[in-house]
Amino acid sequence: QVQLVESGGGLVQPGGSLRLSCATAGSSSSIYAMGWYRQAPGKQREFIATITSGGATNYANSVKGRFTISRDNAKNTVYLQMNSLKPQHPSVYYCRLYVLALWGKGTLVTVSS
């Protein structure tokens, strides 16, 4: 059974940086497109970034230039480097494995002074 496990969330000050990780647990021999999403209380889950099996990336306009999605296939891990973080409501960041329509359980990120 494949599972996605996010980590790296926490409390960070405005302008700070944080790196999230999404590890794929379980046996996997193929590389598929992955994505990051976030959801604040009372709001719809929103797209943040995707990375294809070939390494092509796409970003939401709200994070373009500040966030970077990457992957380490040898470690079965996808990362989200977040720089210049802006104040916002605490949000849970979720990892997405598109081919299996699978979500991780999320990691909480709070940007606050």
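Criterion: ILVMFWY side-chain heavy atoms under 4.5 Å apart, direct or through other members. Under it, I69 and L102 are part of a common hydrophobic cluster. Using a 4.5 Å cut-off between side-chain heavy atoms of Ile, Leu, Val, Met, Phe, Trp and Tyr, with links allowed through other members, L97 and V92 fall into different hydrophobic clusters. Hydrophobic clustering (ILVMFWY, side-chain heavy atoms < 4.5 Å, transitive): W103 and L108 are in one cluster. Residues Y59 and L85 share a hydrophobic cluster, clusters being chains of Ile/Leu/Val/Met/Phe/Trp/Tyr side chains in contact below 4.5 Å. In the hydrophobic clustering of ILVMFWY residues, with side-chain heavy atoms under 4.5 Å counting as a link, L100 and F47 come out apart.
When side chains are defined from C-beta on, L80 counts as touching I48, because their heavy atoms get closer than 4.5 Å. Between T110 and V12, the closest side-chain pair of non-hydrogen atoms is not below 4.5 Å. For the pair L4/M34, a side-chain contact is recorded, criterion being any heavy-atom separation below 4.5 Å from C-beta on. The shortest side-chain heavy-atom distance between Q3 and K105 does not fall under the 4.5 Å cut-off. At least one side-chain heavy atom of R71 sits under 4.5 Å from a side-chain heavy atom of I31. No side-chain heavy atom of W36 sits under 4.5 Å from any side-chain heavy atom of I51.
No donor-acceptor distance shorter than 3.5 angstrom exists from the side chain of S53 to the backbone of Y32, with no hydrogens or angles considered. Remark: side-chain polar atoms of T77 are paired, donor with acceptor, to backbone N or O of K75 under 3.5 angstrom. Distance alone, capped at 3.5 Å, places no donor-acceptor pair between the T24 side chain and the C22 backbone. No donor-acceptor pair under 3.5 Å is formed between the side chain of R19 and the backbone N or O of M82. A donor-acceptor pair under 3.5 Å is absent between the side-chain atoms of Q39 and the main chain of Y93, judged by distance alone. Of the possible donor and acceptor atoms, none in the side chain of R38 sits under 3.5 Å from a partner among the backbone N and O of P90.
Side chains of N83 and S17: a donor on one and an acceptor on the other come within 3.5 Å.
Note: Y37 and Y94 fail the aromatic proximity criterion, with ring centroids not under 6.0 Å apart.
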Exercise. Could you go through the side-chain contact (heavy atoms from CB on, under 4.5 Å) check for Y79 and T68 one step at a time?
Key: CA-CA 8 Å; Y79 303 97; T68 303; over 6 Å; no
Practice problem: Carefully, step by step, assess N58 and T52 under the rule side-chain contact (heavy atoms from CB on, under 4.5 Å). | Solution: CA-CA 9 Å; N58 188 43; T52 70; over 6 Å; no
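Looking at every heavy atom in both residues, Q88 comes nearest to S91 through NE2-OG, 3.0 Å. Taking both residues in full, the closest heavy atoms of E6 and C95 are given as OE2-N, 2.8 Å, listed atom of the first, atom of the second, then distance.
For Q13, the CD atom sits in a loose shell: 12 or fewer heavy atoms of surrounding residues, nucleotides or ligands are nearer than 6.0 Å.
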